[in-house]
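Note sheet for the following structure.
Quick note: numbers below take in every heavy atom, side chains included, and nothing from hydrogens, waters or symmetry partners.
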Amino acid sequence: MKPFTKRVVDIICAIPKGKVMTYGQIAKIAGSPRAARQVVRVLHTLSEKYQLPWQRVLNSKGCIGLTGEHGQLQRRILEEEGIVFQQNGSINLIEYGYEPLHLMEEME
DNA sequence: CGCATGACAGTCG
DNA sequence: GCGACTGCCATGC
């Protein structure tokens, strides 16, 4: 596990219940502002090996990237977490977006 | 070792 | 505000 990947995992695990984060946000905090793709890969790779809260990770549009059954499942889980979806099918990042500022302080 | 890819993001028209 | 293009970086073949 590379440092970046580990960092991403740590950040994702740090997301509290009822909050969500975007791939770009996670990537930026992890140390690579342009590594949203790697965050995606980490989720794909580790979500089945570890118990990562992948359902709390969304894209910059505040919407789930999946449209299949996994997407439906993710949406259902988020609703269980207390998150309310908007009529456009996305989530209000202003309210549910999680900003782990304490992690950024450690970076400094 | 080089090419292709990916649950994305940011910018441009 | 939305659709198309490009950038990024690790992983897989």
Contacting residues from residues 34-43 of chain A, given that a heavy atom lies under 4.0 angstrom of DNA chain C: A/Arg34, A/Arg37, A/Gln38, A/Arg41
Nearest non-hydrogen partners of A/Ala36 and A/Tyr23, listed with the distance: CB-CB, 4.0 Å
Single hit among A/Arg76, A/Lys17, A/Gln55, A/Arg56 for side-chain hydrogen bond (donor to acceptor under 3.5 Å, both in side chains) with A/Glu81: A/Arg56
Gap between atoms CG and P, on A/Leu52 and B/dA7 respectively (whole Å): 17 Å
Least distance between heavy atoms, A/Tyr96 atom then A/Gly18 atom: CD2-O, 3.6 Å
Heavy-atom contact window of chain A on DNA chain C, given 5' to 3' at under 4.0 Å: C/dG7 to C/dT11
Test item: A/Cys13 and A/Gln51 side chains (from C-beta on) under 4.5 Å apart, heavy atoms: no
Linked, directly or transitively: A/Tyr50 and A/Val8 (ILVMFWY side chains, under 4.5 Å): yes
Side chain to side chain, A/Gln86 and A/Asn92, heavy atoms closer than 4.5 Å: yes
Rounded distance in Å - CG (A/Leu66) to P (B/dG6): 13 Å
Rounded distance in Å - NZ (A/Lys28) to C1' (B/dC8): 14 Å
Within-4.5 Å side-chain heavy-atom neighbours: A/Phe85 and A/Ile91: yes
Connected via hydrophobic side-chain network under 4.5 Å: A/Val84 and A/Leu58: yes
Length of the line joining A/His44:NE2 and B/dG6:C1', which is rounded to integer Å: 8 Å
Separation of B/dC8 C1' from A/Phe4 CZ (nearest whole Å): 12 Å
